[in-house]
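Notes follow the structure.
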Protein chains: 2
Amino acid sequence: MAALRDVAKKAGVSASTVSRVINRPDTVPTTTKSRVLKAIKNLNYHPNKFAQRLRSHNVDRKLVGLLVPDIQNPFYVDVVKGVEDYCFERGYAVLMGNFMQDEKKGQMYLEVMQSEEIDGLIVAPIQEHHKTISQFKEKKIPIICIDRGLKNIDVDVVLVENEEGAYQAVDHLVKQGHIRIAYVGGIPSIPTTLEREKGYSQALLDNGLNVDDELIKYGDSTHLSGKELTEELLQLKDRPTALFTGNNLITLGALETIHKHKLHIPGDIAIIGFDDMPWSISLNPPLSAVSQPGYDIGKRATELLFQRISDPKRSPVKVVLKTKLILRESG
Amino acid sequence: MAALRDVAKKAGVSASTVSRVINRPDTVPTTTKSRVLKAIKNLNYHPNKFAQRLRSHNVDRKLVGLLVPDIQNPFYVDVVKGVEDYCFERGYAVLMGNFMQDEKKGQMYLEVMQSEEIDGLIVAPIQEHHKTISQFKEKKIPIICIDRGLKNIDVDVVLVENEEGAYQAVDHLVKQGHIRIAYVGGIPSIPTTLEREKGYSQALLDNGLNVDDELIKYGDSTHLSGKELTEELLQLKDRPTALFTGNNLITLGALETIHKHKLHIPGDIAIIGFDDMPWSISLNPPLSAVSQPGYDIGKRATELLFQRISDPKRSPVKVVLKTKLILRESG
DNA sequence: TTGATTTATGAAAACGTTTTCACCCTATAA
DNA sequence: TTATAGGGTGAAAACGTTTTCATAAATCAA
């Protein structure tokens with residue numbers, strides 16, 4: 001509760017001097033400085049952020065916004081951790097929003113973040129053009145996109161070789177002798193879903209197989225949708241012998257359905273999922289997966305963000321991280 | 001960038017009137033009001049939070065702090081979701097801190113939250129008395145504890161019947177004929193670890209078994225520690241035939257070690273974990289677990305928080321939620 | 001010495017709100 | 001009619017900082 005003026009009074013100086021001690025210590029002689037410093041400590045004085053911010057808009061908020069599509073998805077948890085660790089090292093806090101692929105919710109968070117005047121935003125955008133996100137750009141608030149970029153706006157982005165990753169997984173599957181391989185995708189409107197589908201199709205084509213639309217399913221990137229889509233696939237008269245699943249949660253859902261049908265993996269049906277998980281090895285059977293470096297993605301994004309904060313006019317970069325196909329026993 | 005005064009000028013009224021339109025609309029006649037409202041919309045005016053807050057300290061921040069020990073732990077993810085959903089419904093944002101059971105990190109977040117003047121704090125405290133958290137209490141910032149309370153301070157708390165939950169699991173294990181049942185615990189200084197151990201011991205005692213210190217292990221509540229502790233247990237000359245694991249991450253670690261040793265579950269060794277997970281059913285074998293209602297915990301905690309925000313002097317309550325033993329195939 | 005420069009400091013304005021107070025009206029009561 | 005009570009409004013102060021500007025004191029050059 002102690003204010004600047006209290007410190008000033010206690011130290012027998014003016015408010016200006018106290019402010020100088022805090023913000024430009026080298027402009028005030030040591031003797032005065034020490035007196036002020038003592039008073040500050042004595043009164044346990046902390047500058048009021050709101051007053052500071054009101055007066056000079058360019059003081060850092062030490063706050064970065066992070067907007068993720070689904071915190072239940074272990075992949076994003078890794079991203080969050082990467083962001084958080086990096087921020088922590090630099091004394092920044094994270095204002096997190098989990099928008100559940102929900103336009104409204106994302107919107108609300110963006111508004112809050114705007115009015116909180118965050119120093120920068122890291123976001124996995126649900127659409128490639130987004131009005132509110134563009135507002136950030138206009139307001140000169142740095143944005144970093146992960147997982148997918150933004151149309152019409154030039155932003156830094158860190159993403160992963162989705163097509164390549166999918167290709168490798170599916171290619172492996174056909175090399176194992178599978179002919180009917182299904183793709184259980186996520187939300188069809190998001191780029192990652194499409195890119196992975198592209199890799200999937202290309203791998204089939206390159207191996208002389210044709211792509212069968214019946215075997216390509218889209219959902220909403222959740223556990224439940226993984227379950228349901230897999231169910232549909234298993235009902236097919238000519239059912240697939242292998243599944244390539246579009247993300248973590250879908251994979252888990254698929255697994256559940258497969259187990260419900262008492263099918264043997266990979267004997268009856270093989271499965272490779274996009275996204276590895278720390279416990280993939282403890283699944284039944286240990287899951288083969290395309291691993292994305294979630295933690296690194298978060299870390300790189302934050303790195304980029306801080307670079308942009310300190311130099312707003314550098315030209316936007318695109319960081320593409322590699323995926324890794326991890327073969328265990330499911331496919 | 002439009003400020004109150006711009007709106008005032010455009011609407012041909014004074015700043016006071018604009019402010020009144022915003023804060024106490026019923027005190028200004030409709031004709032004036034609509035003129036002002038139009039100007040607001042026209043200029044896309046948003047009140048500056050910092051000025052608002054500076055001027056009147058009692059305006060809500062619409063910000064709640066959430067401090068969780070480990071976001072990698074799916075249980076806490078559920079809690080986070082519960083908190084977030086409830087906050088979202090009420091137009092509040094969440095300032096999240098993930099302190100990784102790390103004193104320093106937690107401290108830093110608490111400081112940030114203090115200077116951000118959050119409306120309230122939800123925290124799973126690492127120790128039962130915590131100086132900085134007490135400061136919140138002094139500053140009249142509402143606190144809700146989850147998972148464990150605070151010594152010396154009377155706060156609202158929502159927790160789970162840890163002892164009872166553990167008891168049921170272990171009791172079930174001995175009813176299955178197990179004699180040597182180990183407890184793979186988390187950080188020994190946190191109450192949940194101890195309470196679960198108490199339930200474990202009691203169940204043994206009540207069934208006429210004695211508790212063998214050799215079979216009680218403590219670690220740091222992580223995946224890695226689950227792996228290592230289980231390894232130690234398996235090295236014992238008289239190895240346990242069943243494991244009761246103290247949390248999600250530990251369970252997963254234990255599973256990994258058991259699989260590494262090519263042991264059959266539950267044939268060679270049974271396992272029941274504290275905390276259920278959405279994909280427990282897809283584990284090898286489907287995991288039996290003591291399920292905690294993480295989402296509900298988050299929701300209830302937030303409910304309590306809002307109640308306390310609106311009525312700071314109500315007497316603190318303790319909400320105790322039940323656990324549920326879910327039997328699948330691992331024990 | 002004197003005038004010019006530098007150093008140390010304080011007074012006051014500004015940031016964008018909310019809120020108190022006082023004012024001027026018009027409508028009502030006497 | 002005159003006094004009274006509100007209703008509607010604006011001026012100005014306040015919140016706690018930062019920053020500009022001015023001034024006084026101290027240092028320097030001649």
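Chain identifiers are assigned alphabetically (A, B, ...) following the order of the sequence lines, protein sequences preceding nucleic acid strands; residue numbering begins at 1 within each chain. All values below were derived from every heavy atom in this structure, side-chain atoms included, with hydrogens, water molecules and symmetry-related copies excluded.
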Query raised in the report: What is the distance from NZ of A/Lys33 to P of C/dT7, rounded to the nearest Å?
Result: 15 Å

Report task. Taking all non-hydrogen atoms of both residues into account, name the closest pair between A/Leu43 and A/Ala2 and its distance. Result -> O-CB, 3.8 Å

Query raised in the report: Under 4.0 angstrom, heavy atoms only, what part of the nucleic acid is B/Val59 near: base, sugar-phosphate, or nothing?
Result: nothing

Query raised in the report: Would you call the rings of A/Phe306 and A/Tyr92 parallel, tilted or perpendicular if under 30° counts as parallel and over 60° as perpendicular?
Result: perpendicular

Query raised in the report: C/dA8, D/dG10, C/dG10: which one has an atom nearest the side-chain heavy atoms of A/Thr32?
Result: C/dA8

**Report entry** Below 4.0 Å: OP1/OP2 of C/dG16 and any side-chain N or O of B/Gln52
**Finding:** no

Query raised in the report: Looking at B/Phe88, is A/Lys105 sitting on its ring face, NZ or CZ under 6.0 Å from the six-membered ring centre and within 45 degrees of the normal?
Result: yes

Query raised in the report: Under 4.0 Å between a side-chain N/O of B/Ser56 and OP1 or OP2 of C/dT18, yes or no?
Result: no

Query raised in the report: Just how far, in rounded Å, is P of D/dA13 from CG of B/Leu54?
Result: 17 Å

**Report entry** B/Arg24 side chain, from C-beta outward: closest of D/dG16, D/dG10, C/dT19
**Finding:** C/dT19

Requested in this report: Give a yes or no on whether a donor-acceptor pair under 3.5 Å exists between the nucleobase atoms of D/dG10, that is its base, and the side chain of B/Arg20.
Outcome: yes

Report summary line: In this structure, CE of A/Met113 is separated from CG of A/Asp119 (nearest 0.5 Å) by 12.5 Å

Query raised in the report: Which nucleotide, D/dG10, C/dG10, C/dG16, lies nearest any side-chain atom of B/Thr17?
Result: D/dG10

Requested in this report: Mark yes or no for a side-chain to base donor-acceptor pair under 3.5 Å between B/Arg55 and C/dT17, with no hydrogen or angle criteria applied.
Outcome: no

Query raised in the report: In Å and rounded to the nearest 0.5 Å, what is the OG1 to CE distance from A/Thr132 to A/Met108?
Result: 13.5 Å

Query raised in the report: Where the side chain of A/Ser16 is concerned, which of C/dG10, D/dT18, D/dG10 is the nearest nucleotide?
Result: C/dG10

**Report entry** Atom-to-atom span, CG of A/Leu4 to P of C/dA11 - whole angstrom
**Finding:** 13 Å

Query raised in the report: So, is B/Ser19 close to the C/dT18 phosphate, meaning a side-chain N or O under 4.0 Å from OP1 or OP2?
Result: yes

Report task. Please state how far atom CZ in B/Arg5 lies from atom C1' in D/dG10, giving the value in whole angstrom units. Result -> 15 Å

Query raised in the report: Atom CZ of B/Phe50 to atom P of D/dT18: distance rounded to whole Å?
Result: 14 Å

Query - Any B/Asn23 side-chain nitrogen or oxygen under 4.0 Å from OP1 or OP2 of C/dT18 - result: yes

Query raised in the report: Does atom NZ of A/Lys9 have more than 12 heavy-atom neighbours, drawn from other residues, nucleotides or ligands, at distances under 6.0 Å?
Result: no

Report summary line: When rounded to whole Å, the CD1 to C1' distance for the pair B/Ile40 and C/dG16 reads 14 Å

Query raised in the report: Atom CZ of B/Arg53 and atom P of C/dT19: how far apart are they, to the nearest Å?
Result: 13 Å

**Report entry** Nearest-Å distance for atom pair CG/P, residues B/Asn58 and D/dC15
**Finding:** 14 Å

Query raised in the report: Relative to the 5' end of DNA chain C, which residue comes earlier, A/His57 or A/Arg35, by the nucleotide with the nearest heavy atom?
Result: A/Arg35

Report task. Hey, which sits more toward the 5' end of DNA chain D by its nearest nucleotide, B/Ser14 or B/Ala51? Result -> B/Ser14

